[in-house]
Amino acid sequence: MKSFILLILLVVFHLHISTVKCRLLLEHVTNEDTFNVLDFGAFGDGVTEDNQAFEKAWKATCKSMSSTPTMVVPSNYTFLLQPLIFSGPCESNSTHVLINGTLVAHEDPKKWECISKGCKQWIAFDDLTKDLYISGSGTIDGRGSNWWGSYCENDEHKKSCSHKPTGFVIMNSINVHISGLTFLNSPQMHIAIERSDSVYVSNLTIIASADSPNTDGIHIQHSTNVFIEDTNIGTGDDCISIGPSSHINISRVNCGPGHGISVGSLGKNGDYDTVDYVYVSDINFNGSINGARIKSWQGGHGHAKNIVFERINLIGTKRPIVIDQFYCDHTTCHNQTANVQVSDVWFNNIHGTSSSMVAVRLACSESLHCKNINMKDINIQSIDVVQSIDVVHQIRTTSSYCINVQGKLEGQVFPPVPCLNY
Ligand SMILES: *[C@@H]1O[C@H](CO)[C@@H](O)[C@H](O)[C@H]1NC(C)=O
Ligand SMILES: *[C@@H]1O[C@H](CO)[C@@H](O)[C@H](O)[C@H]1NC(C)=O
Ligand SMILES: *[C@@H]1O[C@H](CO)[C@@H](O)[C@H](O)[C@H]1NC(C)=O
Ligand SMILES: *[C@@H]1O[C@H](CO)[C@@H](O)[C@H](O)[C@H]1NC(C)=O
Ligand SMILES: *[C@@H]1O[C@H](CO)[C@@H](O)[C@H](O)[C@H]1NC(C)=O
Ligand SMILES: *[C@@H]1O[C@H](CO)[C@@H](O)[C@H](O)[C@H]1NC(C)=O
Ligand SMILES: *[C@@H]1O[C@H](CO)[C@@H](O)[C@H](O)[C@H]1NC(C)=O
């Protein structure tokens with residue numbers, strides 16, 4: 001009996017030792033998994049450039065064979081960074097970058113290292129071909145205001161301002177997940193997704209002033225399977241712009257100020273561009289210039305088709321629904337016969353107010369009509385009606401402009417779009 005109790009005690013003791021050992025082992029592994037930029041020499045004082053430390057921490061993270069190596073950018077520090085490329089491929093099947101601190105760029109464009117060759121971008125992730133997770137509650141601040149306005153118009157600065165960098169780029173990558181972060185004041189576009197597949201964007205905030213030029217929130221090009229969800233964007237250009245790409249799914253986005261969610265512009269300089277399968281749903285446009293838009297240049301080739309915009313709420317949107325095959329951002333563009341074919345488009349369940357009279361504008365070319373354009377359950381009223389219903393002389397009603405378009409209406413559609421039939 002005594003020896004039996006002893007045996008039990010021994011077993012219990014042994015179990016206890018093993019769990020302690022096991023826990024120590026786990027903690028050890030966890031530490032080996034984590035690569036904090038401070039441990040690699042970063043200052044985080046917002047004044048000293050921290051590129052070297054970030055490069056070292058990334059190299060260690062990317063080389064790590066552990067299951068979830070994580071590069072950590074801690075909170076309560078501000079890291080000043082010159083343009084930086086995080087290159088892959090990495091060893092692990094699941095590499096993480098946790099950004100809780102703040103990243104800032106030089107405020108003075110002349111201080112950017114790449115300035116003589118033209119800076120393409122500030123921060124890039126390139127050639128990451130296994131799962132990469134970029135997340136955190138941190139802020140990525142391009143401090144781009146000097147790139148936007150009068151500073152760059154000054155002769156002394158003109159040259160250094162001639163190529164405005166994109167803030168943050170994901171390129172040549174597969175299975176990238178970005179979430180939680182805040183992006184501010186990029187010199188040009190905030191986030192570009194290029195030549196990539198399976199990119200999942202969620203829970204981001206992207207902010208720049210309404211008059212900052214070309215500061216698109218997210219630009220997608222030459223990419224497939226891009227998902228953007230639960231994101232707030234207010235900038236000086238398109239909240240989201242979609243260049244040549246396919247299978248793009250955007251949902252639960254708040255957009256405004258900004259130029260809306262745009263497919264295009266496609267076919268610039270006679271290019272052959274295609275966009276297929278774009279699904280945009282559950283969007284709030286608040287004070288944006290455009291809402292749902294498809295735009296192409298004359299003289300271009302290719303197509304934009306299978307595009308759905310649905311469940312869209314508008315607050316004072318200037319041009320809520322736009323198809324424009326005559327896109328031209330400079331003063332003169334000639335009418336040409338070639339164009340990008342726009343077809344199989346659905347605008348469903350779109351409600352709210354417009355700040356201009358022409359709430360629906362479908363402008364397609366004489367030589368290449370837009371085909372199978374569908375509208376269902378649309379009700380867009382003038383913002384004046386809603387705001388001053390009692391001031392009779394201010395009541396204006398919305399209308400539509402429609403040329404060279406073939407398609408169908410379903411349900412209630414206001415304003416009427418007479419070139420489409422029930
Ligand atoms: C950052 O600072 C805040 C406020 O001072 C503090 O509550 C928090 O614990 C700090 N976080 C870290 C990781 O040191
Ligand atoms: C990564 O995934 C592949 C394929 O599933 C597997 O063979 C490999 O062992 C994994 N590598 C690591 C480091 O876990
Ligand atoms: C980073 O921030 C997230 C969200 O605020 C928090 O859950 C996480 O613990 C933080 N991680 C570190 C390493 O500070
Ligand atoms: C969104 O990100 C913030 C950090 O920026 C985090 O606190 C919050 O939990 C995230 N929400 C969801 C639904 O993931
Ligand atoms: C797009 O994403 C939404 C939200 O995650 C999902 O409900 C929907 O099925 C997706 N649509 C397509 C066409 O993939
Ligand atoms: C729309 O934007 C305005 C101005 O930023 C803000 O005051 C208002 O609360 C927003 N409305 C909604 C419904 O989000
Ligand atoms: C081009 O064609 C459109 C529609 O047919 C017409 O409204 C416009 O005036 C033309 N522009 C030029 C420069 O000829």
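Whatever order the structure lists ligands and atoms in, that order sets their numbers, starting from 1. Note that the numbering runs from 1 along the sequence shown for the chain.
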Query raised in the report: Where does the angle between the aromatic ring planes of W122 and W112 fall among parallel (under 30°), tilted (30 to 60°) and perpendicular (over 60°)?
Result: tilted
Report task. Please name the residue in the list V97, L204, I99 that meets the side-chain contact (heavy atoms from CB on, under 4.5 Å) test with I178. Result -> L204
**Report entry** Heavy atom of the protein closest to atom 3 (C) of ligand 1 (residue, atom name, distance)
**Finding:** N76 ND2, 3.6 Å
**Report entry** S186 (side chain) donor-acceptor with M189 (main chain) under 3.5 angstrom
**Finding:** yes
Query - Short side-chain to backbone donor-acceptor contact, D141 and R143, under 3.5 Å - result: yes
Report task. Could you see which bit of N284 sits under 4.0 Å from ligand 6, with heavy atoms only: side chain, backbone, both or neither? Result -> neither
Query raised in the report: What are the atoms of ligand 6, with element, lying closer than 4.0 Å to any heavy atom of I315?
Result: 11 (N), 12 (C), 13 (C)
Query raised in the report: Is K295 positioned over the aromatic face of Y327, cation under 6.0 angstrom from the ring centre and no more than 45 degrees off axis?
Result: yes
Query raised in the report: Can you find a protein heavy atom under 4.0 Å from atom 1 (C) of ligand 6?
Result: yes
Query raised in the report: Hey, is atom 9 (O) of ligand 2 touched by any protein heavy atom at less than 4.0 Å?
Result: no
**Report entry** Close-contact set for ligand 1 against S75 heavy atoms, below 4.0 Å
**Finding:** 11 (N), 12 (C), 13 (C)
Query raised in the report: Under 3.5 Å between some N or O of ligand 2 and some N or O of N93?
Result: yes
Query raised in the report: In this structure, which one of F125, F227, Y133 forms a ring-ring contact (aromatic ring centres under 6.0 Å, His included) with H177?
Result: Y133
Report summary line: for atom 4 (C) of ligand 6, nearest protein heavy atom and its distance come out as N286 ND2, 4.7 Å
**Report entry** Check against salt bridge (Lys or Arg N to Asp or Glu O under 4.0 Å), R311 and D282
**Finding:** CA-CA 5 Å; R311 293 192 299 279; D282 302 288; 2.9 Å; yes
Query raised in the report: Does atom 12 (C) of ligand 2 have a protein heavy-atom neighbour under 4.0 Å away?
Result: yes
